[in-house]
J.: 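Below are the structure tokens for one structure; questions will follow.
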Amino acid sequence: MRLSHLLLPTERQPPADAEALSHKLMVRAGLIRQVGAGLWTWMPAGWRIHQKAVQIIREEMDGIGAQEMSMPLITPAEHWVTSGRHDSVGAELFRFQDRKRADMVLAMSHEETVTFHVSSLVRSYRQLPLQLYHFQLKGRDEARPRAGLLRTREFVMKDAYSFDRDEEGLDVTYELQRAAYHRIFERAGLRFYECEADVGMMGGSGAHEFMAPCAAGENDVVLAPGYSANLEIASADPQPVPPLPDAVQGELHTPGQTTVEAVAGALGVHPGNLLKAFPVVTESRGLVMVMVRGDHRVNELKLTTKLGEPFKQATPEQLGGAGMHPGFLGPSAEVQTLYDAAVTPGRYVVGAGKPDHHVVVDLEGGERIDVRTVEEGDTVGGHPVVIEPAIEIGNIFKLGTRYSEPFGASYVDEAGKTRPIVMGSYGVGPARMVAAAAEQWGDERGIAWPRALAPWDVELVGIGKAGTPERDAAEALYAELQASALDVLYDDREAKPGEKFADAELLGVPLRLTLGKRSLESGQLEAQRRRGREDVEGGVPIGGAAAAVEALWHELP
RNA sequence: CGGGGAGUGGCGCAGUCUGGUAGCGCACCCGGCUGGGGGCCGGGCGGUCGCAGGUUCAAAUCCUGUCUCCCCGACCA
């Protein structure tokens with residue numbers, strides 16, 4: 001490809017409203033342009049990168065026997081009513097009516113559609129197991145799109161669905177997918193973690209997320225040797241606190257001290273010597289008091305899972321109605337009280353249940369539930385955890401019969417008995433892979449793409465005016481490289497060398513060749529690896545350059 | 001949805017308080033010089049100042065309404 005013919009709108013300055021590195025660099029490099037909130041156009045060079053990711057995914061899906069197909073973005077609302085998601089998803093679902101006033105939905109994923117098909121097309125155990133996948137747009141009316149491509153309202157997803165006759169079959173398929181995901185992200189040159197993930201209120205028997213660590217990530221990953229989990233569900237051993245001094249005992253007058261910090265400060269004790277009350281209300285239980293150590297925070301997702309139902313924080317009115325006083329809440333005989341697992345037996349300062357007083361209690365052991373948020377410095381297997389921001393680039397999920405039951409997707413087994421099909425779903429966002437790579441491999445000059453994602457394999461920078469011997473040589477080399485196995489971008493523009501180098505570093509093709517007057521004098525091309533901007537020692541002889549360049553390329557990250 | 005910020009040429013900005021000929025840098029076009037890290041000189045093109053009302057002799061500027069975008073939070077199959 002000749003750069004002089006490529007629509008590559010590079011910019012010296014990032015958009016004023018861009019914050020995330022990938023957002024700034026991908027716009028500056030001419031890869032993407034914004035259309036609206038969470039809506040992006042891929043420019044030609046950017047789309048090449050996206051399609052590189054797509055092709056890696058495709059090869060790995062095909063490699064485990066999944067079959068590529070394509071299902072529509074527009075779907076009848078009826079399917080979503082059948083699955084229950086028409087009600088449960090809420091405003092995130094794009095809804096509209098067609099000209100006949102029929103309710104329609106932009107698919108946010110394709111469980112409904114694929115299960116609709118499988119329910120009618122698969123009748124026998126002989127047709128199982130089955131894996132189907134496609135690359136298709138997803139529409140999600142996100143409350144807050146952000147950070148360029150990291151959270152958008154429309155994006156291509158590879159979503160695969162598996163159909164097995166039982167849980168054991170699903171386990172096998174799930175492992176195939178899990179291994180394929182590792183290969184996909186490794187091939188793409190991404191740093192990533194496989195994390196235990198929340199299976200949500202939908203049930204399901206297991207889920208993993210693939211998280212790419214980066215500064216702009218909107219999730220947090222808890223990491224320790226042999227352990228990685230989304231902060232949403234992570235568990236770890238708490239950091240110890242010194243025991244409550246014996247001098248602190250009985251009822252304590254704590255006027256106006258409604259926060260852990262205030263009480264701990266006034267008493268001169270560690271915040272972990274206090275218990276914090278987190279009053280919630282659920283539909284089936286009413287008011288529940290959740291007690292966590294004073295220096296800890298309740299993890300609302302973990303609490304929801306443990307309660308087995310959604311909750312809302314109790315309002316001051318609800319507390320007042322129960323004769324309680326916000327700021328001085330403690331364990332109560334009148335309401336169910338649950339203790340976090342980090343609340344070990346011992347003496348704690350708790351709210352006395354009346355204004356301006358706290359009291360020391362001596363807690364026995366007893367039932368505990370793990371509902372707190374893990375913190376940096378907590379330990380797993382004796383090792384302190386670190387918490388890193390990360391972006392979710394893929395997930396795999398054991399759906400079970402969540403969709404096959406409502407759609408009646410079942411098969412007849414050898415004994416002639418009808419059984420529900422057991423499903424799994426497996427998603428990857430190629431755009432997020434690309435954005436994550438930009439986050440991980442971006443620097444102040446641009447993006448140093450992993451070679452597997454780079455829009456071209458090499459960029460040839462021709463120095464000098466058209467018609468000069470050096471440019472003739474560049475043209476000849478371009479032709480030679482085109483005949484090789486490499487995809488080459490040739491900067492043949494009438495531009496200053498500095499501008500060409502700056503654009504090349506912005507675009508981030510992994511290997512840059514420079515051919516100018518100097519090269520003709522020395523007989524050597526200059527070659528620079530974009531990662532680390534490191535020159536290839538001694539250059540590359542112009543004679544037979546294509547083969548040498550191919551060899552160099554194969555050693556790139 | 002709550003809080004904060006912003007809409008002026010392709011990009012980045014000034015001008016708005018205090019109403020009076022729309023301006024700067026980059027990019028773009030033409031000519032010349034230059035030719036290995038965004039170079040220099042000269043000449044140009046391009047904007048109904050987000051939109052709609054209103055006030056005024058006069059509105060980018062004041063008033064009202066509205067749309068859009070960004071950031072933080074809530075939310076996120």
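Below, chain A is the first sequence line, B the second, and so on; all start at residue 1.
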J.: Please measure how far the C1' atom in B:G23 lies from the corresponding atom in B:C70, and state the result in whole Å.
T.: 26 Å

J.: What I want to check is whether an N or O donor and acceptor connect the side chain of A:Arg12 with the base of B:A27 at under 3.5 Å.
T.: no

J.: Pull out every residue in residues 454-470 of chain A that has a heavy atom closer than 4.0 Å to any atom of RNA chain B, ordered by number, or say none.
T.: A:Ile463, A:Lys465

J.: B:A74 phosphate, OP1 or OP2: any side-chain N/O from A:Arg144 under 4.0 angstrom?
T.: no

J.: Figure out the CD/P separation between A:Glu494 and B:C28, and round it to whole Å.
T.: 13 Å

J.: If B:C1 has a Watson-Crick or G-U wobble mate with both distances under 3.5 Å, name it; if not, just say none.
T.: B:G73

J.: Using the C1' atoms only, state how far B:G47 lies from B:G7, rounded to an integer number of Å.
T.: 14 Å

J.: If B:G12 has a Watson-Crick or G-U wobble mate with both distances under 3.5 Å, name it; if not, just say none.
T.: B:C24

J.: Which part of the nucleic acid, if any, lies within reach of A:Ala37 when heavy atoms closer than 4.0 Å are counted: base, sugar-phosphate only, or nothing?
T.: sugar-phosphate

J.: Of the nucleotides B:C69, B:G35, B:G37, which has the atom closest to the A:Glu505 side chain?
T.: B:G37

J.: Is it true that A:Asp159 and A:Ser109 share a donor-acceptor pair across their side chains at a distance under 3.5 Å?
T.: no

J.: Tell me yes or no: between the side chains of A:Glu392 and A:Asn219, is some donor less than 3.5 Å from an acceptor?
T.: no

J.: Between B:U68 and B:C29, how far is it from one P atom to the other, in whole Å?
T.: 36 Å

J.: Looking across every strand, which nucleic acid part, if any, lies under 4.0 Å from A:Pro14 by heavy atom: base, sugar-phosphate, or nothing?
T.: sugar-phosphate

J.: My understanding is that a pair needs two contacts under 3.5 Å, Watson-Crick or G-U wobble. By that rule, which nucleotide pairs with B:U61?
T.: none

J.: What nucleotide, of B:G39, B:C71, B:A77, holds the atom closest to the side chain of A:Lys496?
T.: B:G39

J.: Which parts of residues 507-517 of chain A get close to RNA chain B, meaning a heavy atom less than 4.0 angstrom away?
T.: A:Arg512, A:Thr514, A:Gly516, A:Lys517

J.: With a 3.5 angstrom cut-off on both distances, give the Watson-Crick or G-U wobble partner of B:C33, or none if there isn't one.
T.: B:G39

J.: Do A:Phe116 and A:Phe407 have ring centroids that are under 6.0 Å from one another?
T.: no

J.: Separation of A:Arg28 atom CZ from B:C26 atom P, in whole Å?
T.: 17 Å

J.: Over how many whole Å does the gap from A:Leu506 atom CG to B:G38 atom C1' extend?
T.: 11 Å

J.: If you only use heavy atoms from C-beta on, which nucleotide in B:C72, B:G38, B:G12 is closest to the side chain of A:Arg146?
T.: B:C72

J.: Judged by each residue's nearest nucleotide on RNA chain B, which is more toward the 5′ side, A:Glu218 or A:Ala20?
T.: A:Ala20

J.: For A:Lys306, does the NZ atom have more than 12 heavy-atom neighbours from other residues, nucleotides or ligands under 6.0 Å away?
T.: yes

J.: With rounding to the closest Å, how many angstrom separate the C1' atoms on B:G42 and B:G50?
T.: 37 Å

J.: On RNA chain B, check which nucleotide each of A:Glu499 and A:Trp40 is closest to and give me the residue with the more 5' one.
T.: A:Glu499

J.: B:C72, B:G38, B:A74: which one has an atom nearest the side-chain heavy atoms of A:Ala143?
T.: B:A74

J.: Sub-3.5 Å donor-acceptor pair from the side chain of A:Arg530 to the main-chain atoms of A:Glu505, do we have one?
T.: yes

J.: Heavy atoms only: give me the nearest A:Pro510-A:Leu556 pair and the separation to one decimal.
T.: CB-CD1, 3.8 Å

J.: Go through B:G39, B:G37, B:C70 for me and flag the one nearest to the A:Arg445 side chain.
T.: B:G37

J.: The side chain of A:Arg153 lies closest to which of these nucleotides: B:C71, B:C75, B:C69?
T.: B:C69

J.: According to the Watson-Crick and G-U wobble definitions, with both distances under 3.5 Å, which nucleotide is paired to B:A6?
T.: B:U68

J.: Measure CD/A:Glu392 against P/B:C75 and give the value in whole Å, please.
T.: 16 Å

J.: To the nearest Å, how far apart are A:Glu11 CD and B:G25 C1'?
T.: 13 Å

J.: Rounded at 0.5 Å granularity, tell me how far CZ in A:Phe397 sits from OH in A:Tyr174.
T.: 8.5 Å

J.: Counting heavy atoms from C-beta on, name the nucleotide in B:A77, B:G12, B:G38 closest to the side chain of A:Met108.
T.: B:A77

J.: Can you tell me if A:Glu376 has over 12 outside heavy atoms packed within less than 6.0 Å of its CD?
T.: yes

J.: Counting any heavy atom closer than 4.0 Å, what does A:Ala16 reach on the DNA or RNA strands: base, sugar-phosphate only, or nothing?
T.: sugar-phosphate

J.: Quick check for you: to the nearest 0.5 Å, what is the distance between A:Glu300 atom CD and A:Glu232 atom CD?
T.: 11.5 Å

J.: Provide the closest heavy-atom pair for A:Ala147 versus A:Ala20 in the form atom of the first, atom of the second, distance.
T.: CB-CB, 3.8 Å

J.: Do you know which two heavy atoms are closest between A:Met108 and A:Lys138, and how far apart they sit?
T.: O-CD, 3.3 Å

J.: Please name the pair of heavy atoms, one in A:Ala29 and one in A:Thr10, separated by the smallest distance, quoted to 0.1 Å.
T.: O-CG2, 3.7 Å

J.: Quote, to the nearest angstrom, the P distance that separates B:C41 from B:U56.
T.: 50 Å

J.: Taking any strand in view, what nucleotide pairs with B:C17 in a Watson-Crick or G-U wobble way, both distances under 3.5 Å?
T.: none

J.: For nucleotides B:A22 and B:A58, find the distance between their C1' atoms and express it as a whole number of Å.
T.: 15 Å

J.: If we take the P atom in both B:G65 and B:G3, what is their distance in whole Å?
T.: 16 Å

J.: How many angstroms lie between CD in A:Glu388 and CG in A:Asp220, if you round to the nearest 0.5 Å?
T.: 9.5 Å

J.: Does A:Gln34 have a side-chain nitrogen or oxygen under 4.0 Å from the phosphate oxygens OP1 or OP2 of B:C70?
T.: yes

J.: I'd like the P distance from B:G35 over to B:C49, given in whole Å.
T.: 46 Å

J.: Which part of the nucleic acid, if any, lies within reach of A:Ala147 when heavy atoms closer than 4.0 Å are counted: base, sugar-phosphate only, or nothing?
T.: sugar-phosphate

